[in-house]
Amino acid sequence: MTIVRPYGDTTGDGMVQVSFTLPLVHDKRAEGAAVQLANKMGLDPAMLVHAKPMGEGFTFFVVYGRVNHLVDTEKVQVVERDFPLLSAKEINAVIKRRLRRRLSVVGACIGTDAHTVGIDAILNVKGIAGEKGLEYYRELSVTNMGAQVSVPDLVETARAQKADAVLVSQVVTQRDAHLHNTRAMSAAFREAMPAGKRPLLIVGGPRFDELMAAELGVDRIFGRGTTPREVASYLVHALIGAPK
Amino acid sequence: MTIVRPYGDTTGDGMVQVSFTLPLVHDKRAEGAAVQLANKMGLDPAMLVHAKPMGEGFTFFVVYGRVNHLVDTEKVQVVERDFPLLSAKEINAVIKRRLRRRLSVVGACIGTDAHTVGIDAILNVKGIAGEKGLEYYRELSVTNMGAQVSVPDLVETARAQKADAVLVSQVVTQRDAHLHNTRAMSAAFREAMPAGKRPLLIVGGPRFDELMAAELGVDRIFGRGTTPREVASYLVHALIGAPK
Amino acid sequence: MQKLGLDPTVVRRARELAARAGQPVVDLARSHTTVSVERAVLRLAGVRGADSDGIPWVNRLVDAVVADVGLSHGVAVPVFDALRREGLDDVTVLAQKAAAGAVRFGVPEKKGELTAARRAAGRAATAGLKVVDRRRVERERLIKRYGDAPRRPWIYLIVATGDIFEDIPQAQAAARAGADVIAVIRSTGQSLLDYVPEGATREGFAGTYATQENFRLMRAALDETSRELGRYVRLTNYASGLCMPEMAVLAGLERLDMMLNDSMYGILFRDINPIRTFVDQRFSRQVHARAGIIINTGEDNYLTTADAVEAAHTVTVSQLLNEFFAHEAGLADWQLGLGHAFEINPELPESFRLELAHALLARELFPDAPLKWMPPTKHMTGDVFRGNLLDGFFNLVGALTGQGILLVGMMTEAVVTPWLSDRDIALQNVRYVLNGAGNLHEDFVPAPGGFIQSRAHEVLGEAVELLERIVDDTLLEAIADGTFGIMKRPADRGKGLDGVAKHAEDYFNPVTEVLA
Amino acid sequence: MQKLGLDPTVVRRARELAARAGQPVVDLARSHTTVSVERAVLRLAGVRGADSDGIPWVNRLVDAVVADVGLSHGVAVPVFDALRREGLDDVTVLAQKAAAGAVRFGVPEKKGELTAARRAAGRAATAGLKVVDRRRVERERLIKRYGDAPRRPWIYLIVATGDIFEDIPQAQAAARAGADVIAVIRSTGQSLLDYVPEGATREGFAGTYATQENFRLMRAALDETSRELGRYVRLTNYASGLCMPEMAVLAGLERLDMMLNDSMYGILFRDINPIRTFVDQRFSRQVHARAGIIINTGEDNYLTTADAVEAAHTVTVSQLLNEFFAHEAGLADWQLGLGHAFEINPELPESFRLELAHALLARELFPDAPLKWMPPTKHMTGDVFRGNLLDGFFNLVGALTGQGILLVGMMTEAVVTPWLSDRDIALQNVRYVLNGAGNLHEDFVPAPGGFIQSRAHEVLGEAVELLERIVDDTLLEAIADGTFGIMKRPADRGKGLDGVAKHAEDYFNPVTEVLA
Ligand code: B12
Ligand code: B12
Ligand SMILES: Cc1ncc(COP(=O)(O)O)c(C=O)c1O
Ligand SMILES: Cc1ncc(COP(=O)(O)O)c(C=O)c1O
C-alpha cells in the first residue's frame with residue numbers, strides 16, 4: 001500500500017486525536033480558536049471534546065477529528081539500515097581478518113549532559129535488550145569516558161586512543177542542547193584533524209532526527225531503541241566494508 | 001491578543017501533542033510515515049515519541065512537536081449568545097405579559113437514539129448544574145415525549161400541543177446519525193406546516209457543531225454543557241423578543 | 001474469605017423478600033405468551049429465512065396464525081396441525097404459503113389431531129433443542145481443546161463498527177490482544193424491531209444488527225482465532241429488546257457463549273412494555289439455561305441515569321431479583337453475570353472506597369456468580385488522559401473484589417465508539433493492573449466497622465427496606481414509580497404490549513414443555 | 001500502626017551499622033575543608049556580588065587567600081586579619097582589592113592579632129547566621145499567618161523553563177493549582193561550576209541557574225501567592241554540586257524551605273570527588289539544620305541506573321547513611337526528606353505490591369521523617385496515556401504508605417520537561433487519588449507473612465548484609481565499587497578534589513564554631 005490514512009475504527013476514516021494549550025481564557029471564543037487551529041492542522045470536522053481552564057489565561061483542549069491529509073509511504077524519508085546486521089562472531093571475525101588489529105572506539109556523553117545510561121547501554125558489557133555492549137566484542141577496544149565530557153577532552157582522548165570511531169550521546173534536548181553540542185563536537189574534530197585521519201563520528205540519543213547527520217557534520221545518527229549490535233555492524237560496514 | 005500559538009511551557013513555543021493509528025506494520029518506514037503525517041499537520045519539528053504495533057498491520061503513534069500555524073482569535077467563528085440570559089422570574093413575567101398564554105414546548109429524543117439524560121436535563125424539574133429544567137417555569141407548558149420518538153409522532157404531537165417550540169436531542173453521532181435525523185425532522189416540519197405556523201426548531205446534543213443550524217434546517221443548536229436557563233432565555237428571545 | 005462481615009440473617013431475608021417480590025411476575029410470565037416467544041418456538045422448530053422485504057418467515061407465519069386464531073393457544077398446535085393438513089414437512093414452506101394467504105389456521109377440535117399436532121410440534125422443537133445441546137457440548141469440547149481464559153476476571157471487549165466485516169477483524173485483533181470475551185454491539189434501533197433481520201449486515205448506528213448469519217460468521221472467526229491462540233474466546237450479543245426470546249434461540253443455535261439479558265433493562269431503557277418483557281425474559285432464560293449460556297444483567301445502566309451513591313441499593317435489589325428470576329428459569333449460579341458498575345462521581349470524597357464497598361457487597365452477596373463489572377461511563381469526559389486513569393482505578397476495584405467479568409473501559413468513552421487504539425491502550429491498562437496488583441486482595445482487609453464495611457451494611461439495609469416496600473406495592477408498581485434508574489414505566493404502557501396474550505386453557509408450547 | 005512487623009533488633013542493628021559505616025566519613029569531613037565551605041563562610045560574613053566577568057567576589061577572595069597561605073587554615077582569619085590591616089570594614093571591598101592584587105594574606109603570628117581576627121570573623125559570621133535565623137522565624141510566622149499545606153503528602157511540583165521570568169508565573173500557576181512545594185530546576189551544567197552565578201538569569205538547559213537573586217525573586221513571588229491562597233507555599237532548590245555549602249547559605253539567607261541535599265548524589269551522578277562531597281555535605285547540612293530547612297535526599301536516582309528490585313536494599317542502606325550524616329550534622333527527623341521512588345519495571349509481576357513493600361519499609365524504618373516519594377521516570381515512555389496511569393498508581397502507593405512529600409509525576413516524563421498542561425493533568429491525577437482513596441490505608445493490611453511483609457523483611461535483611469560489608473570495607477571503597485546506582489567512583493578521582501584541604505592545626509571556621 002502506498003497511500004494510507006489514519007485509522008480510528010474503519011478503513012479510511014482518517015481519525016486522529018490532538019491536545020494542546022492556548023494562552024486564552026476559557027470561553028466560547030477560545031473553543032472556537034481551538035477548532036480553528038485543529039482545522040488548520042487539517043482536521044475537518046474537528047470535534048472539540050474537552051476544554052479545561054488552567055491558571056490564569058490558559059485553556060487546555062482535546063480535539064478529535066478526521067484529518068484530510070494522505071500519507072504516501074513511498075515518499076517517506078527514513079534512514080534505513082543500509083548495512084547487514086552481523087552477529088558478534090562475524091563482527092569479531094571480520095575485524096580480525098580484514099583490519100588485523102583491534103578497532104578502537106571512544107565513547108562519551110558531552111557537554112553538561114549527564115545521562116550515561118544510553119551510551120553505557122551501547123558500550124558496557126551489560127548492554128541492553130538482551131544484547132551485550134561493545135566492550136564484549138573481543139576485537140573492539142572501548143574507552144568509555146562517561147558523562148559531562150568537554151569537547152577538547154574528547155578530541156584529546158580520541159587522538160590518544162587512535163580512535164577509529166567516536167561515539168557521542170546526547171539526551172538533554174531542551175533548547176536544542178543536543179544539536180549545539182553535536183555541532184561543536186564535529187567542528188572541533190574537523191579543526192583538529194585532517195579529513196583522512198578523522199575518526200568516524202557517531203551520535204545517538206532518543207530525540208535525534210536520524211536524517212540530520214550531514215547537517216550536524218557527523219557520519220551517522222542513532223535514535224531511540226538502538227542496540228549495540230546495530231552499532232557494531234555499522235562500524236564494520238563503515239570502516240571495513242562488507243564481510244566476505 | 002488576536003494572534004496566538006499553542007503553549008507548551010514558553011510563550012510562542014507552539015507545542016502540541018498528537019496521536020493516531022496508521023494501517024502499517026511497525027517499522028522504520030511506518031515511523032517515517034507518522035512523521036510525514038505530523039509534518040503535513042504542520043508539526044515541524046515533529047518528535048515521534050511512541051510507536052506501538054497493534055494487531056496485524058497497525059501501529060499507534062504519539063507525536064509531539066511545534067506547530068507552525070497561527071490562531072487568529074479575530075477570525076474565530078462561534079455562535080455567541082446573542083440574547084440576554086434571563087432569570088426564571090423574568091422569563092415567566094415576559095411570557096405572561098407579552099404572550100398572555102403559556103408557551104408550549106414539545107421535547108423528544110428522535111430516531112433510534114435512546115439517550116434521554118440530556119433532554120431530561122433541559123426539560124425535567126430536576127434540571128442540571130443547579131438549574132431547574134423548563135417544567136419548573138410556571139409559564140411554560142412542557143411535553144416530554146421521551147426517547148426513540150419517530151418524526152411523524154413528533155410532528156403530530158407538536159401539532160396537538162400547538163407547540164411554539166420543538167426541542168430535539170441527539171446524542172448518538174456514529175455515521176452522522178444525528179445529522180440525518182435532524183435533517184429528516186426539519187424536512188418533515190417544513191412539509192407538514194406552512195412557514196408562519198411552524199414551531200421554532202431547536203436541536204441539542206454533545207457533538208453538534210453549533211454553526212450548522214442553517215444547514216440542518218433548524219433555528220438553533222445547543223451543544224455540550226447547555227443549561228435550561230439558556231434555552232428558556234433563547235425561547236423568550238426568539239418567540240417574544242426583548243423583555244421590556 | 002468474607003471481608004464485610006455481612007449478617008447471614010439479613011442476607012437470607014433479602015433473598016426471601018426478592019422471591020416474594022418476584023413471584024407475582026413469574027406467575028404472570030407463566031400464564032402469558034408473546035409473539036416473540038412463539039416465533040422463538042418456530043425458530044427452534046425449523047422455520048428459517050425471510051421474504052423479499054427482509055421480514056422473516058417466522059413473523060409472517062405467526063402473524064397469519066394470530067390473524068386466524070389469536071395468540072392465546074400458542075402457535076405450535078395451529079402450525080403443526082396445518083402442516084399435516086397441507087401435507088407438508090417443511091415449516092418454512094408452510095410459512096411461505098401462509099404468507100400468500102393460502103393456509104388457514106385453527107386449533108383442531110379432535111383429540112387425535114390435537115395430540116398429533118402437539119407431538120409433531122414437540123418432535124420439531126426437540127430437534128431444535130438438540131442442535132442447541134450439540135452446540136453446548138461443542139463449546140465444552142473446544143474449551144477443553146483450546147484451553148479456557150487464563151484467569152479471572154475474564155477480559156471483555158466491545159466491537160461496534162456498524163459493519164460485520166469490519167467487526168470481524170477488529171474482534172480477532174481484540175482477542176489476540178488479550179480479550180477473553182468479545183461483545184458485538186448491535187445497532188441503536190434493533191431492540192425496537194419486532195423481528196430479527198436476516199443475513200450478514202454492513203449497516204447500523206453504533207453497531208450492526210444481530211442476525212443469525214452475523215452470529216455464525218463471528219463465532220466462526222473467533223473459533224479460528226481461538227485455535228490460533230490456544231484459548232477459547234467467548235462471544236456475546238444481546239438477548240433483549242422485542243425479540244429477546246428469538247435472540248436467545250439464535251444464540252443457542254450458533255454457540256454464542258454469553259448474552260446480555262436483563263429482567264428489566266428493556267422496560268426501563270427501551271420503554272418496552274413490562275409484561276411483554278417479563279414474559280419474554282422468562283422464556284429467553286429457559287433457553288439460555290439449556291444452552292449453557294452465561295447471562296449478563298444490566299444493573300450498571302441504572303447508574304447512568306440515577307446517582308451511583310443514592311441508588312446503590314437499587315442495584316442490589318435488582319441483582320437479587322435477577323437472581324431469583326434466573327434461578328426460577330433454570331439458570332445455575334455460574335451462569336449469572338450480575339451487573340454493577342464504577343459510576344460514582346470521582347469528585348466525591350472517598351469515591352474509590354465507596355466503589356470498593358459496593359463491589360465487595362455484590363461479590364459477597366453472590367459468591368458463586370461471575371459478576372460483570374462495568375467501567376465508568378457517566379463521569380467520563382473528553383479528557384482522555386483522566387479517562388485512562390479512572391479506568392485504571394476501575395480495574396483495580398475489579399481485581400481487589402474478585403469480579404468475574406471485566407468489561408474493559410475506554411478512555412474515549414465520552415467521545416466515540418472504541419477505536420482500535422483505544423482498545424489497545426485499555427488492555428494495556430488492564431494488564432498492568434492485573435499483573436502488578438492482581439493479588440493485592442490478599443492485603444485488602446476492610447477495617448472492622450470501618451468506612452467500607454459500614455457502607456456495605458448500609459446499602460444492604462437500604463436494599464432490604466426497598467424490597468419490603470416492593471413486596472407491599474408489587475414490583476410492577478415500583479417500576480411504574482421510577483424506582484430503577486429513575487425511569488417511570490407503568491405496566492399498561494410501552495412498546496409491544498399488543499404482542500402479549502394470556503394463555504388460553506389449551507395453551508401449548510413444545511419448548512417450555514421440555515424446558516420447564 | 002506498624003504493618004510490616006519489622007524486628008526492632010534488626011532495625012537497631014541496621015542503624016548501628018550505618019553509624020559505624022558513616023563515622024570514618026564524618027571524621028574526614030570534620031578534618032577537612034573545601035573552597036566552597038570557605039566561600040560559604042565568607043558569604044555569611046557579608047561578601048556579596050561578582051566581578052564584571054560574573055565571577056563572584058567570594059571566589060576571587062578565596063583564590064587570593066589560597067594563593068598566599070593555602071586553604072588549610074581556613075580563610076576567615078587571613079581575611080579578617082587583612083581587613084583590619086587594610087583598615088576596611090566591608091569584606092566585599094577587601095575582595096575587590098585582593099582581586100586587584102593589592103592585598104597580601106597571612107595567618108597573624110601574634111596571639112592578639114589572631115584573636116582579634118577570629119573575633120571579627122565570628123562577629124561577621126554570626127551576623128550572617130542572624131539573618132538566617134530571622135528567615136526561619138519569618139517562615140514560621142508566615143506559616144502561622146497564611147496557614148500550612150492542608151494535608152500530607154505535600155504536593156511537590158517542578159518548574160524548569162530555563163528562564164526565571166517564565167519560571168515565576170509557572171510556579172505561581174502551579175501553586176494555585178494545588179502545589180504545596182515548588183522546585184525550581186537548575187541548568188544541567190550548574191553543579192560542575194565552582195562558583196555560584198549572580199543575578200537574575202534567563203538561560204540554561206532544562207532549568208535556569210540557581211542564584212541568590214533568583215532565589216529572592218521566586219520566594220517573593222511565592223510569598224505573594226501564599227498570601228493570595230491563604231497557604232504557605234514552600235520553595236525548593238538544590239544544595240548539591242561543587243557549591244553545595246554556598247547553596248545552603250544562600251537558601252538560608254533567602255528563606256528557601258527545602259533543599260535537595262544528598263550525601264552521595266554529587267559523587268555518583270556528577271562525578272564529583274567523594275572527599276569534596278562529604279566535606280561540603282556536612283557543612284551544608286549544619287547550615288540547613290540552623291535554617292530550619294528540610295533536606296531531600298536522592299536515593300530515587302539510584303533506581304534510574306540500577307534495577308529497582310535488585311537494588312532496593314541499596315536505597316535502604318543509603319537512607320540509613322543519609323539519616324546518620326544528617327543527625328550528626330544537627331538535623332532533626334522532621335527535616336529528613338529521605339528519597340525513594342516508584343521505579344520498578346511495570347511489566348514485572350506483582351510490581352505494584354513490590355512498590356508497596358518498599359515504600360512501606362521506608363515509612364516504618366523512618367517513622368518521623370517526611371519521606372520524599374518520587375514518581376516513575378525510568379519506565380516512562382512516550383506513551384503518555386500509560387504514563388498518566390502509572391503516575392496514578394504511584395500516587396496510590398504514596399497515599400497507602402503515608403509518604404510525606406509527593407513529587408508529582410508527569411505523563412510526559414520521557415518526552416519533555418513539564419508543560420503547563422502536564423502539571424494540570426498530573427495534579428488532577430493526584431487530587432483524584434488522594435480524594436477518592438486517601439484513607440484507603442485504613443483497609444490496607446499486608447497479610448501476615450504474605451508477599452508484602454516478606455519482601456520488606458527480605459530487603460531489610462539485604463540492607464543489613466550490605467551494611468556489614470561496608471563496615472568491613474569502608475564506605476569509600478563501596479562507592480568506588482559501584483554499590484550505589486552502579487556508578488563506580490574511586491575516592492581519588494572526580495571533580496573538585498583540588499579544592500579540598502586537610503585542616504591545619506590552627507584551622508578556624510567561625511561558622512562551624514557556632515554550629516557545631
Ligand atoms: C535516568 C535519567 C536521569 C538520571 C541519569 C543517570 C545516568 N547516569 O544516566 C538522573 C537522575 C541523574 C537524571 C538527571 C537529570 N535529568 Co534525566 N532522565 C532520566 C530518564 C528517566 C531516563 C533516561 C534513560 O536512562 N533512558 C534509557 C536509555 C537506555 O535510553 P536512551 O538514553 O534513549 O539511549 C538509547 C538510545 O537513545 C540510543 N543512544 C543513546 N545515546 C547513544 C549514543 C550512541 C553513540 C548511540 C549509537 C546510541 C545512543 O541507544 C540507547 C539504547 O537503546 C529520562 C526520562 C525518560 N524516561 O526517558 C530523564 C530525562 C532524560 N532527564 C531530563 C532532565 C531534564 C534531567 C535533569 C536536567 C533534571 C534535573 N532535575 O536536574 C537532570 C540533570 C541531568 C544532566 N546534567 O544531564 C529530561 C530531559 C528533557 C529534555 N528532552 O531535554 C528527561 C527526558 C526527563 C524529563 N522529562 O524532564 N536523569
Ligand atoms: C448514559 C448513557 C447511556 C444510557 C442512556 C440512558 C438514558 N436514559 O439516557 C444507556 C446505558 C441506556 C446507554 C445506551 C447506549 N449508548 Co450510551 N452513553 C451514555 C453516556 C455514558 C452518558 C450520556 C449522558 O447521559 N450524558 C449526560 C447529559 C446530561 O449530557 P448530554 O447528553 O450531552 O446533554 C447535554 C447537552 O448535550 C445538551 N443537550 C442534549 N440534548 C439536548 C437537546 C436540546 C433541545 C438542548 C437544548 C440541549 C441538549 O444539554 C444537556 C445538558 O447540558 C455516554 C458517554 C458519555 N460519558 O458521554 C454514552 C454514549 C452517548 N452512548 C453511546 C452508545 C453507542 C450507546 C449504545 C448504542 C451502546 C450499546 N452498547 O448498545 C446504547 C444504545 C443507546 C441508544 N439506542 O441510543 C455512545 C455514542 C457514540 C457516538 N458518538 O455515536 C457514547 C458516547 C458512549 C461510547 N463512547 O460508546 N447510554
Ligand atoms: C442488559 C442490557 N441489555 C441490552 C443492552 C443494549 O442492547 P439493546 O438496546 O440493543 O437491546 C444493554 C446495554 O448496555 C444492556 O446492559
Ligand atoms: C539529591 C539530588 N541532588 C541534586 C539533583 C540535581 O541537581 P544538580 O545536578 O543540578 O545538582 C538531584 C536530581 O534530581 C537530586 O536528586
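Every chain is numbered from 1, with letters handed out A, B, ... down the list of sequences. Computed from heavy atoms alone, side chains included, the values below leave out hydrogens, waters and symmetry copies.
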- Looking at Val49(B), Thr173(B), Leu211(B), Val79(B), which has the largest count of heavy-atom pairs under 4.5 Å with chain A? Val49(B)
- Message: Is it true that Gln36(B) and Gln77(A) share a donor-acceptor pair across their side chains at a distance under 3.5 Å?
- Response: no
- Toward chain A, the part of Val63(B) with a non-hydrogen atom under 4.5 Å: neither
- Query: Of the listed residues (Met15(A), Arg207(A), Lys75(A)), which shares the most heavy-atom pairs with chain B below a 4.5 Å separation?
  - Reply: Arg207(A)
- Per-residue contact mode, Arg81(A) against chain B (heavy atom under 4.5 angstrom): neither
- Item | Spatial distance of atom CZ (Phe20(A)) from atom CD (Gln17(B)) [nearest 0.5 Å] | 10.5 Å
- Message: Quick check for you: to the nearest 0.5 Å, what is the distance between Asp13(B) atom CG and Thr21(A) atom OG1?
- Response: 9.5 Å
- Note on the structure: Okay, Asn39(A) and chain B: the region with an atom under 4.5 Å from a heavy atom over there is neither
- Message: Before you tell me yes or no, could you show the steps for Leu22(A) and Thr73(B) under side chain to side chain contact (heavy atoms under 4.5 Å, CB included), namely the whole-Å CA-CA distance, both residues' side-chain angles and the distance that decides it to 0.1 Å?
- Response: CA-CA 11 Å; Leu22(A) 292 179; Thr73(B) 59; over 6 Å; no
- Task: Identify which part of Asp176(B) has an atom lying under 4.5 Å from any heavy atom of chain A, answering side chain, backbone, both or neither.
- Result: neither
- Asn68(B) portion near chain A, given a 4.5 angstrom heavy-atom threshold: neither
- Item | Contact origin within Arg29(A) toward chain B - heavy atom pairs under 4.5 Å | both
- Using a 4.5 Å cut-off on heavy atoms from C-beta on, say whether the side chain of Arg224(A) contacts that of Glu31(B). yes
- Task: Nearest 0.5 Å please: distance from the CE atom of Met47(B) over to the CZ atom of Phe208(A).
- Result: 13.0 Å
- Item | Toward chain B, the part of Phe61(A) with a non-hydrogen atom under 4.5 Å | neither
- Note on the structure: All heavy atoms of Leu37(A) vs all of Pro6(B), minimum pair found to be CD2-CG, 3.6 Å
- Whether over 12 other heavy atoms sit under 6.0 Å from Glu80(A) CD: yes
- Message: Can you confirm whether Met41(B) sits close enough to Val16(A) that some side-chain heavy atom of one is under 4.5 Å from a side-chain heavy atom of the other?
- Response: yes
- For atom NZ of Lys132(A), is the number of surrounding heavy atoms from other residues, nucleotides or ligands below 6.0 Å larger than 12? no
- Using non-hydrogen atoms and a 4.5 Å limit, figure out which bit of Val62(A) sits close to chain B: side chain, backbone, both or neither. neither
- Message: Nearest 0.5 Å, please: how far is CE in Met54(A) from OH in Tyr7(B)?
- Response: 9.0 Å
- Message: Measuring from atom NZ of Lys40(A) to atom CG of Leu70(B), what distance do you get when rounded to the nearest 0.5 angstrom?
- Response: 6.0 Å
- Message: Taking side chain as everything from C-beta outward and backbone as N, CA, C, O, which of these in Val78(A) sits under 4.5 Å from a heavy atom of chain B? Side chain, backbone, both or neither.
- Response: side chain
- Report, as yes or no, whether the 6.0 Å neighbourhood of atom CZ on Phe83(A) holds more than 12 heavy atoms from other residues, nucleotides or ligands. yes
- Turns out that what part of Leu43(A) lies under 4.5 Å from chain B's heavy atoms comes down to side chain
- Heavy-atom pairs under 4.5 Å with chain A are the metric here; pick the option from Val35(B), Thr10(B), Leu48(B), Thr11(B) that has the most. Leu48(B)
- Item | Per-residue contact mode, Val18(A) against chain B (heavy atom under 4.5 angstrom) | both
- Task: Select one option (side chain, backbone, both, neither) describing which atoms of Phe58(B) are under 4.5 Å from chain A's heavy atoms.
- Result: side chain
